[in-house]
Asks: 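Provided herewith is a single structure, encoded as structure tokens, for subsequent inquiry.
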Number of protein chains: 2
Amino acid sequence: MATIKDVAKRAGVALSTASYALNGSSKVSGATIEKVMRAARELNYQKNGFASDLKRTKTNTIALILSDMSGPYFSELIKGVQEVTASNQYDLIACSSVGGSRSTATKFLREKRVDGAIILANNIQTQLIEESAREDFPIVVLDREVQNPYAIHVEVNNRQGAFEATEHLIEKGHRSLGYVSGPMDSHDNEERFTGFSDALEHYDIPFQSRLKISGDFTREGGYRATKMLIAQQNLPDAIFYANDEMAVGGLQAFKEKGIQVPADISIVGFDDIQLAEYVNPPLTTVRQPKYEAGALAVHMIFQMLAGEKVEKSFNLSTELVERSSVKMK
Amino acid sequence: MATIKDVAKRAGVALSTASYALNGSSKVSGATIEKVMRAARELNYQKNGFASDLKRTKTNTIALILSDMSGPYFSELIKGVQEVTASNQYDLIACSSVGGSRSTATKFLREKRVDGAIILANNIQTQLIEESAREDFPIVVLDREVQNPYAIHVEVNNRQGAFEATEHLIEKGHRSLGYVSGPMDSHDNEERFTGFSDALEHYDIPFQSRLKISGDFTREGGYRATKMLIAQQNLPDAIFYANDEMAVGGLQAFKEKGIQVPADISIVGFDDIQLAEYVNPPLTTVRQPKYEAGALAVHMIFQMLAGEKVEKSFNLSTELVERSSVKMK
DNA sequence: CTGTTAGCGCCTTCAG
DNA sequence: CTGAAGGCGCTAACAG
């Protein structure tokens, strides 16, 4: 592997000249640049990214940390992040937090291999985030709040979204409402449940705890939770699934038991994943501004990197999208 | 940011001792290790990944380069890659090639910021791959062939898959067949078209070039291509879409025109993306072993990294999955 | 414009 | 176990 030293020697210039030429500094003549470039090409020279980063203590890349790089939710988020990152001439890498404290994500956070990070990964310790964020290493967290001035918070208004969805169910005449929950340690889930409860309370509808079932945000979990609900007999009028994936699983469970949605029971989801539109019946759900959340998150990273003061927290609105899984009772 | 120097000072040992202790060398006593570790903890020391990588000329991470990190196809692939990578104690980062030669992907390839790469990104120049791959930087390419002993090729048998799908259409009595194509510079598309043509030839069915339309692998493209086909009047009996995304777009176009699938026309796709099962009617398509492809790809990277000899090329089989978009004519 | 020089933070001898 | 020293490859003053 040729180094810059070889290039300089071959071009017959000083090491620093080669460096300047390669980096397009203005303090070197066109002829020299050409000479250096040619030497570099001939030697198939490629600079060593680490050495350069090490020297500049700056990587020009930011990380997007996800608990599940393969999940359906993330594609739009990534798009937003990607575009803003690229337009700022930064690089973006995505890494997964599976493996917890031994994960790639943890390593990148700890070792400052990037200039900033956006995190949507419930299995990353809050403590790690709090320890890692600092002035030259801003973090945006999408799924919780964190006590550190350099770790800010962009979230969608889960509570409001859940409130509206629940309200929608109530307005359609449903009175006994079930809630299929995400994992207990999920901040998003908690907020959604709060919105759900608030709506119930607001409309003076009692909450029956037997109708709250845990489903862990996966399709499989939604499927199982729904089966349990069915087995209990005495189904509610409608079910609020804390995310779409679980709702899809629920649909499957209903179908197997010959229960018609929405004729027999109404359901709503949360997220508006791509599938929601294609499932049968198309799912009424709460759309999250994922693209915007991603774009805003990177935006904030850059502001912090530039040393500007930023809000500690942002809240994006959701929108109810009505399809066909809810019917007037 | 505390450095190893600070740790050594605080622990009251030599810098080299601290380094040994931190890296678990055997030439240092347990007591000292403990002392150093404590100092590190107290200072919230984290090593600088670059400095360390630079020194060892090794990153222990491999990159997965995708043209579209947000695409629907990739989630399973990622899963396969992820698992194998993690089980080898390596890190995985995903990066996008959007932006072509100015993309993050290009940078990582050029600057050897990782120990190896898996590429599925038609917008990365073949030349760049050929220039980058070397003994200590193996590459696995998933969507083309490359002339470089350290760049091997894992592909699914597109030709066979397309052949079987086409055969299926023919066996169901369809005689005039359309082909909605992907981009012309896509190796996958080319192979699929070859499989399609081979089947036609094998069954002595003439190919009508007016029934080959370009759709660029996007849903939108499939939609437009289908509209064009419809506008031409005289629809074929069946259409082979070179991928599922386009077929989904096609379904949309048919629906808008009141054309029934499969009653009026049969269609098949390719890939078996998640949506294929949920679309209406559920799409008959060709399943690719994406997980396996990903897992195999990393596997090969590790073999090459270990200096073992490996095959230059691997070919994975596809499988026809029959759903409801094809009917006996 | 060019060359010299001093590190970036870490790892690894090597002689005490 | 220590301390010094050399270097990984590159950048960025600072003098010439």
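Below, chains carry the letters A, B, ... as their sequence lines are ordered, and counting in each starts from 1.
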Asks: Does a donor on one side chain and an acceptor on the other come within less than 3.5 Å for S19(B) and S16(B)?
Replies: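 Their side chains do not contain a donor-acceptor pair, so the 3.5 Å distance test is not met.
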Asks: For D53(A) and T59(A), test the side chains for any donor-to-acceptor distance below 3.5 angstrom and give the result as yes or no.
Replies: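 No.
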Asks: So, T218(B) versus D216(B): side-chain donor-acceptor pair below 3.5 Å or not?
Replies: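 D216(B) and T218(B) do have a side-chain donor-acceptor pair below 3.5 Å.
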Asks: Rounded to 10°, tell me the angle between the two end axes of the helix from dC1(C)-dG16(D) to dG16(C)-dC1(D), each built from five pairs.
Replies: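 Roughly 40° between the end axes, to the nearest 10°.
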Asks: Is it the case that the side chains of D91(B) and T104(A) hold a donor-acceptor pair, with the cut-off being a distance below 3.5 Å and no angle test?
Replies: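 There is such a pair between these side chains.
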Asks: Could you check how far NZ of K35(A) sits from C1' of dC1(C), rounded to whole Å?
Replies: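 Taking atom C1' of dC1(C) as the reference, NZ of K35(A) is at 11 Å.
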Asks: So, does Q46(B) use its side chain to make a donor-acceptor pair with the main chain of E111(A) at under 3.5 Å?
Replies: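 Looks like no, no N/O pair under 3.5 Å.
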Asks: Checking side-chain polar atoms at under 3.5 Å, does N148(A) have a donor or acceptor matched by the opposite partner on E130(A)?
Replies: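 Result is no, nothing qualifies.
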Asks: Spell out, as yes or no, whether a donor-acceptor pair under 3.5 Å connects the side chain of T17(B) to the backbone of V13(B).
Replies: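 Not a single qualifying donor-acceptor pair exists.
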Asks: What does the B/S/- profile of nucleotides 9-16 of chain C look like, 5' to 3', with a 4.0 Å heavy-atom cutoff to protein?
Replies: BSBBB---
Asks: Which pair of heavy atoms, one from V156(B) and one from N315(B), lies closest together, and at what distance?
Replies: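 Answer, listing the atom of V156(B) first, then N315(B): C-OD1, 3.9 Å.
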Asks: Measure the distance from CG on D53(A) to C1' on dA12(D) and round it to the nearest whole Å.
Replies: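 My rounded result for the distance is 16 Å.
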